[in-house]
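What follows is one structure encoded as structure tokens, with my remarks underneath.
Any value given below was found using the heavy atoms of this structure, including those in side chains, with hydrogens, waters and symmetry copies removed. Letters A, B, ... mirror the listed sequences (proteins, then strands); counts begin at 1.
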Amino acid sequence: MSYLLNTWYIAGWADELAQGGMLGRTIVEQPIVFFRNSQGAIQALADRCPHRFAPLHMGKIVGDSVQCPYHGLRFDGSGQCTHNPHGDGSIPKAACVRAFAVAERHGAIWVWPGDPNLANDALIPDFSFFEQAPTDAKGHGYLPTRAHYELLADNIMDLSHVDFLHPDTLGGGALSSTRATIEELPNDRVRISWWAPDDVPPPAFGAHLEDPTRADVWAEVIWHAPGLMLLGSGATPPGCPREEGPVTWNLHLMTPQDATNTHYFFANTRSFEQDNAQLNAFVQDMLIGIFAGEDKPMVEAQQRQIGEVDLLGLNPVLLPVDAGAVRCRRVLRRLIEAERATTHASPSSSFEKEESR
Amino acid sequence: MSYLLNTWYIAGWADELAQGGMLGRTIVEQPIVFFRNSQGAIQALADRCPHRFAPLHMGKIVGDSVQCPYHGLRFDGSGQCTHNPHGDGSIPKAACVRAFAVAERHGAIWVWPGDPNLANDALIPDFSFFEQAPTDAKGHGYLPTRAHYELLADNIMDLSHVDFLHPDTLGGGALSSTRATIEELPNDRVRISWWAPDDVPPPAFGAHLEDPTRADVWAEVIWHAPGLMLLGSGATPPGCPREEGPVTWNLHLMTPQDATNTHYFFANTRSFEQDNAQLNAFVQDMLIGIFAGEDKPMVEAQQRQIGEVDLLGLNPVLLPVDAGAVRCRRVLRRLIEAERATTHASPSSSFEKEESR
Amino acid sequence: MSYLLNTWYIAGWADELAQGGMLGRTIVEQPIVFFRNSQGAIQALADRCPHRFAPLHMGKIVGDSVQCPYHGLRFDGSGQCTHNPHGDGSIPKAACVRAFAVAERHGAIWVWPGDPNLANDALIPDFSFFEQAPTDAKGHGYLPTRAHYELLADNIMDLSHVDFLHPDTLGGGALSSTRATIEELPNDRVRISWWAPDDVPPPAFGAHLEDPTRADVWAEVIWHAPGLMLLGSGATPPGCPREEGPVTWNLHLMTPQDATNTHYFFANTRSFEQDNAQLNAFVQDMLIGIFAGEDKPMVEAQQRQIGEVDLLGLNPVLLPVDAGAVRCRRVLRRLIEAERATTHASPSSSFEKEESR
């Protein structure tokens with residue numbers, strides 16, 4: 001299976017990784033161990049000791065290094081073996097593991113599975129709004145999902161599904177009856193937006209409007225290749241500006257584990273009643289109920305019916321509502337093909353050689 | 001794996017499918033959704049929306065149609081898309097799913113996975129005796145079983161096994177010491193019958209005879225290709241006609257899910273003490289105990305030892321008791337080969353084209 | 001996968017097989033049923049009836065034979081069918097199963113999966129010390145483990161791991177800082193020994209020394225191909241002979257089930273405080289805690305990271321501590337290749353013909 005490698009994936013939420021702890025997670029089929037050095041900076045190494053292939057994440061942190069659980073070799077954040085406790089302690093030249101470029105930003109751990117020399121923190125999307133939102137009025141979570149990450153991305157890029165899969169909460173009818181606008185943005189992004197003036201707002205917004213039955217309903221998703229999505233939506237009294245009605249901003253961040261498993265990270269904030277503790281709890285419960293109880297089972301069922309082949313290879317009947325999702329799939333194909341062409345053209349790259357082992 | 005396609009399989013018991021409900025079941029490797037239209041007639045469609053392959057059985061019934069759970073497309077019993085809730089509602093020409101010929105008969109749902117034009121209700125075996133039996137004195141059940149359906153059919157075609165696998169209930173020694181008579185019947189059927197005069201009746205019959213130690217013991221099975229079996233058995237005081245002793249009639253109906261999974265449906269009635277509520281309950285409990293606790297584990301263990309190859313390809317030692325089972329296997333091979341020869345000879349068949357997609 | 005066939009494997013502990021009972025276990029990918037004849041002698045047959053491939057271990061013992069659970073054929077310890085309960089009772093010539101050479105020795109069941117004509121009880125290693133140890137001061141157990149048996153053998157051949165995987169019990173630092181001595185012994189054996197004079201004893205020994213902080217620490221393992229290991233270890237006050245300090249003798253016996261599953265049998269005795277009931281219970285609890293809670297998870301994790309390829313094919317970084325394990329792997333390769341060369345050179349061997357069916 002081909003993945004985009006020279007890109008940032010979210011590997012976890014920052015609060016999953018305490019000082020002194022470790023997080024083992026497989027990303028684009030590569031087992032990776034994450035840990036913090038003594039300064040608290042996150043490090044990422046191949047999660048497989050070069051000696052006997054024990055998973056490093058089962059070991060422990062000693063100073064700036066991770067110590068293998070089986071025979072005690074230690075590796076620092078550069079992947080170099082720094083300590084061999086056996087015999088005279090000499091360190092074999094080959095005793096190193098691959099190090100990954102990694103960053104902590106916006107409350108998340110980011111990893112770059114491709115060539116570390118190409119990694120650039122400036123390429124991480126600006127999701128700072130999430131850090132800046134009041135603590136009580138936001139939430140985040142993680143759902144390991146048995147489906148290809150593009151099926152999960154399709155789910156967000158075609159919000160018309162809310163009227164059928166989530167009719168009592170997020171649905172309402174406005175989105176499926178409105179033709180969305182799609183545009184490619186710079187930096188490998190696609191935006192899809194819905195604008196349904198004087199329509200029926202979703203139940204979750206209607207409860208916060210004076211007239212819960214009519215509103216200008218809007219939603220927009222910006223997809224960043226390969227699977228990072230920012231979703232805003234809201235409803236306002238007809239004719240009023242967006243900021244006068246309730247607004248929510250959500251992150252849907254899909255990281256491929258392998259061809260049929262995805263690390264699905266989500267987060268959300270909202271503009272209204274931020275101090276309402278009861279509402280804060282209700283919203284978080286509702287969202288996890290929807291994502292875990294409705295979206296995840298549906299996308300996993302889709303995956304089972306499709307099997308391990310590409311969705312578009314099965315000649316699906318495409319509707320206008322699929323235009324956004326299909327556009328993202330094409331951008332992603334183009335990026336993956338371009339990346340493969342580049343790396344194959346430079347056989348002397350030490351990164352490539354490591355990859356092809 | 002090759003299956004007979006132009007034939008009726010039992011897909012479920014009719015009472016598994018309520019009005020407004022749905023039943024998703026995979027038969028000969030094809031996922032199928034069953035539902036009732038507004039008149040209560042059972043419909044059967046491929047259980048995979050042509051849009052994004054969501055399983056239709058997770059959706060809901062709207063009038064005469066099933067609505068896809070994900071984006072709300074609706075399909076009627078012919079497989080035609082009848083409603084697209086998105087945008088201007090136009091329905092793409094390709095928006096249809098395969099419809100299967102289906103029938104409700106004898107308390108069961110029947111499906112014909114082959115060419116619907118060849119489906120003929122008259123080919124469903126006459127099991128009306130089961131409907132006509134007194135409600136209290138009959139029972140039926142369903143056991144999903146991890147074994148090839150022919151191993152389950154072998155089990156019924158060679159009843160000598162009861163003396164070893166069910167010695168305390170159905171066994172007694174009469175069947176394994178008696179040579180069975182086997183004959184092919186018209187319409188792809190095979191009958192095997194045992195007649196053991198003045199022998200030891202099975203414990204389950206002996207309890208209903210004046211002298212529980214001696215009886216004329218008989219049993220017969222009629223197999224209908226590919227896996228429908230009617231089993232009658234009884235015991236009478238030596239020299240008396242069959243109707244004077246206890247008699248039971250049983251259905252053992254094997255529907256292949258795939259190469260190593262079978263939908264095993266069973267039913268039974270009996271001639272004696274039909275108003276004995278305690279006996280009625282006892283018989284049903286005993287049978288499910290035998291089928292689920294003795295036959296199913298044995299046939300599943302057989303499957304594990306055999307692996308995914310054909311039993312006869314392993315050169316088993318065949319005994320005279322295997323003659324009935326082997327005859328059925330040969331009839332079934334002949335029918336499957338004939339069907340394949342026919343369908344391959346008519347490449348213009350639209351059914352075939354659909355199958356080969 | 002290639003295994004050494006003409007060798008003794010431990011199939012179970014003798015107390016796993018009661019008179020009248022059966023033990024079904026798959027060894028080098030061959031399902032085998034073990035039972036005792038009327039004299040109590042252990043018999044071993046292929047666990048698959050030649051009639052319909054039911055597993056014989058689900059049946060019952062009748063006299064000197066095992067009776068198939070499904071149709072009642074009986075087979076004696078030679079594999080010959082001795083009873084056919086059907087019809088006239090004649091026994092087909094092909095109605096036999098393969099018999100394996102088997103022995104009961106040192107409290108264990110031993111099986112020889114290769115040519116029975118080559119089996120020789122004298123080739124079973126002398127582990128009689130274990131039988132002779134006081135009942136209260138010894139223990140044994142069984143851990144089915146999801147890993148290749150050579151990974152489990154490596155674990156014992158490189159005891160330096162105790163300092164990292166079992167630091168609070170068996171570790172102490174002495175073994176990883178000492179260079180082991182390795183020598184090949186006659187009869188396909190390898191011995192590795194550690195001698196750390198005036199060093200830190202493992203906590204488990206220190207508790208039984210006057211000065212728990214300093215001792216002469218020693219350990220040695222004798223590996224018998226393909227996976228039988230005798231491990232002795234102890235600690236003595238500096239300069240004193242071994243018998244003055246606490247000593248333990250352990251068996252670590254690895255029998256391959258298949259390429260990624262091992263039957264791991266272990267046993268242990270000790271020289272000190274043999275009448276201390278509290279210590280006896282403590283030691284057994286500690287060892288099962290270490291083997292099941294620390295070694296098994298580590299070796300299974302290793303297996304998952306390696307996948308189904310050979311460890312050495314992955315170019316691991318080898319350390320001096322690996323020398324013993326690598327020596328055993330080379331001896332075993334040599335033995336397997338020699339065995340294959342021999343059996344291929346004698347095409348008339350009836351054993352070979354049976355194997356190649």
Side-chain angles (χ1 to χ4, degrees), chain A residues 22-27 29-33 45-63 65-75 79-98 257-259 261 353-357, chain C residues 147-148 150-168 171-181 194 196 200 293-326 329:
Chain A
M22 276 188 274
L23 177 68
R25 199 153 268 167
T26 295
I27 290 171
E29 302 181 17
Q30 303 191 42
I32 304 177
V33 54
L45 300 177
D47 191 15
R48 205 169 90 151
C49 180
H51 171 222
R52 287 196 162 267
F53 308 118
L56 295 175
H57 80 267
M58 291 173 71
K60 64 178 182 180
I61 300 301
V62 180
S65 292
V66 51
Q67 175 175 304
C68 177
Y70 201 3
H71 298 91
L73 296 183
R74 294 181 194 158
F75 303 88
Q80 182 56 48
C81 179
T82 56
H83 178 67
N84 170 8
H86 301 276
D88 65 2
S90 66
I91 293 173
K93 206 175 157 194
C96 60
V97 293
R98 187 174 162 200
Q257 173 179 328
D258 57 33
N261 288 281
K353 275 188 288 184
E354 186 165 5
E355 282 307 278
S356 63
R357 279 203 309 196
Chain C
H148 191 285
E150 288 183 283
L151 292 179
L152 280 158
D154 292 349
N155 185 55
I156 303 301
M157 288 302 288
D158 177 8
L159 289 181
S160 74
H161 81 268
V162 302
D163 293 335
F164 307 97
L165 195 57
H166 321 301
D168 301 327
L175 295 190
S176 54
S177 59
T178 305
R179 181 96 182 216
T181 303
W194 292 261
V200 180
E294 294 174 347
D295 288 302
K296 175 179 148 92
M298 178 56 56
V299 176
E300 292 182 336
Q302 231 191 328
Q303 178 72 56
R304 285 193 300 272
Q305 303 290 76
I306 289 170
E308 295 202 24
V309 296
D310 184 68
L311 174 83
L312 296 182
L314 290 174
N315 292 318
V317 171
L318 292 177
L319 303 177
V321 295
D322 296 305
V326 169
R329 285 173 171 264

### Query
Side chain, backbone, both or neither: which part of C:V162 has an atom under 4.5 Å from a heavy atom of chain A?
neither

### Query
Is the centre of the C:F164 ring less than 6.0 Å from the centre of the A:H71 ring?
no

### Task
Identify which part of A:D88 has an atom lying under 4.5 Å from any heavy atom of chain C, answering side chain, backbone, both or neither.
neither

### Query
Under a 4.5 Å heavy-atom cut-off, does chain A meet the side chain of C:L175, its backbone, both or neither?
neither

### Query
Are C:L319 and A:L73 close enough that some pair of their side-chain heavy atoms sits under 4.5 Å apart?
yes

### Task
Considering non-hydrogen atoms only, spot the tightest contact between A:M58 and C:P297 and give its length.
CE-O, 4.2 Å

### Message
Does any backbone or side-chain atom of A:P55 lie under 4.5 Å from a heavy atom of chain C? Answer side chain, backbone, both or neither.
### Response
both

## Note on the structure
Under 4.5 Å to a heavy atom of chain A? For C:N155 that would be both

### Message
At a heavy-atom distance under 4.5 Å, which candidate from C:L314, C:L311, C:D295, C:V317 has the highest pair count against chain A?
### Response
C:V317

### Message
At a heavy-atom distance under 4.5 Å, which candidate from A:G72, A:A94, A:C49 has the highest pair count against chain C?
### Response
A:G72

### Message
Nearest 0.5 angstrom please: C:D154 CG to A:Y70 OH, how far?
### Response
7.0 Å

### Query
Under 4.5 Å between any side-chain heavy atoms of C:M298 and A:P69, yes or no?
yes

### Sequence neighbours excluded, every pair satisfying salt bridge (Lys or Arg N to Asp or Glu O under 4.0 Å) that has a member inside residues 315-326 of chain C
A:R52-C:D322

